[in-house]
Amino acid sequence: MKVRVDMTMCEDHGQCAIAAPDVFRMNDESKLEYDPNPDDSLLAEVEEAADVCPAQAIFIED
Amino acid sequence: MTATTTPDYPSIDAADLPYLPVADPSFSVQSAAVREARDAGWCARTPYGLAILRYEQVNKLLKDRRLRQGSWAWPQHNGVEGPFAHWWAGWLLNKEGQDHARLRRLLNPAFSPKLLAALSPRFVALANELIDGFAPAGQCDFVSDFAEPYAARVIAIMLGIPEQEWPKIAEDSATLGLALGVTFKQELPRIEAALESLFAYAEQLIADRQAHPKDDFVTRLVQAQRDDDRMTHQELLDSLALLIFGGFDTTRNQLGLAIKTFLDHPDQWKLLAEHPELGGTAVEEVMRVNPAVTWVTREALDDFEFQGLAIKAGTTVHLFSESAGTDPRTVENPQFDITATGRPPHFGFGGGAHHCLGHFVARSDMSVALPILARRMPDLRLGGEADWMPLSGNTGANSLPLAFSAGH
């Protein structure tokens, strides 16, 4: 699967890193880093991350 | 970790910082003293630690994991033990790290924005029903006639309980709210009784949805599961009681503050009536310039240095949401304008790991209500003397008499 975060919308709250820690993480500067090509087995948690994102900035493109 | 001052950030001596008496009832987060302090620098001293005043630094510190949520030890600070202290310690807001992440993962999906769209027509009907009650008279007390029943009945709708039971939600939440004030310890017996009442309520709801699952919010909480992990019964009770308490006061207060903002901007009220699609941006703008939560608190976990300032472990840091939201260094033309585009996000819902869990609900119910109010209360003006809480901490109106052209 392909994951894209619109960084102009991202507010760095880190809710995605709570929902899907295998794909999203907050670095030492509290900025988002993520894997744009996670394994398909992680789809459920990535969908959850996209859903809970306060800024709705995460898009899944298969 | 070494704490070094980079050349970009000259060392700041805390003793040189301006002082803001945040605990004084006459203190206002919108006072000239706060504006002067914000012009002088990004930080000020308070009787309980620091106040952060500019957008850039509030934004960074809100998400900085060297700080934890700031009111976790409030019951202990007040010498309070027992059921209330136990409930407080179990709050999502007062947990950190893996404990916080686990509970947040279990709670977040119930608040999905996808599930809220279906509730929007009910929010519309509720707003109209409440306005029907006072529109013919052309006057109301906005707090008791609209903000309170609206906030409490939105919670009733979310919980799937009869809406006529709203006064119970309002009364128990208001009593629990005493725990945040100076009379916390004296009021403890009443506060504990209100908590017990909310728990009994939550207990009934949980038992009902376990026996009769529905397609609703409480069923989603009861059934929430992640990697074979579920909430314990106590966690469900604690969370439901927190959601009722956390959703009521804040929404009631924010609605009153929205009206206050529009009373100062009658042209924008008229515009909102004509353009209900601006309801969403109206909510964001109101929360930027008049947030009900005027500061978010954090507490330093360790000694660390931030932009030249040494912050000691245990220091309370007040992140001023309105001061940041109107900071002209970051926000261009910071005056209230519901047609503005490209605004940086406000901090009315806090931010970072503790970002408000119920923000999609609050955004949805307020963005529905404000345009309806604007359409049905034209020529809005104050109808008497309003009673406001101090403009600090968590603020809002106790009463807000309004007058407007009748019969819309």
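The sequence lines fix the lettering, A, B, ..., with proteins before strands; numbering per chain opens at 1. Just so it is clear, the model here is predicted, and its values are computed rather than measured.
Judged by distance alone, the side chain of A/Q15 and the main-chain N or O of B/G352 form a donor-acceptor pair under 3.5 Å.
Taken from NE2 in B/H355 to CG in A/D12, the straight-line distance is 12.0 Å, to the nearest 0.5 Å. To the nearest 0.5 Å, atoms CD (A/E11) and CG (B/L62) are separated by 10.5 Å.
Contacts between A/Q56 and chain B at a heavy-atom distance below 4.5 Å involve the side chain alone, from C-beta outward. For A/C16, no part sits under 4.5 Å from any heavy atom of chain B, backbone or side chain. For B/F111, no part lies under 4.5 angstrom from a heavy atom of chain A. Proximity to chain A (any heavy atom under 4.5 Å) is shown, for B/R102, by neither the backbone nor the side chain. With a threshold of 4.5 angstrom between heavy atoms, B/H359 approaches chain A through side-chain atoms but not through N, CA, C or O.
A/D51 approaches B/P113 most closely through the heavy-atom pair O-CD, 3.4 Å. Residues B/R105 and A/P21 approach most closely at NH1-CG, 4.1 Å, considering heavy atoms. A/S30 and B/K63 get closest at one heavy-atom pair: OG-O, 2.9 Å. Taking both residues in full, the closest heavy atoms of A/N27 and B/R65 are given as O-NH2, 2.8 Å, listed atom of the first, atom of the second, then distance.
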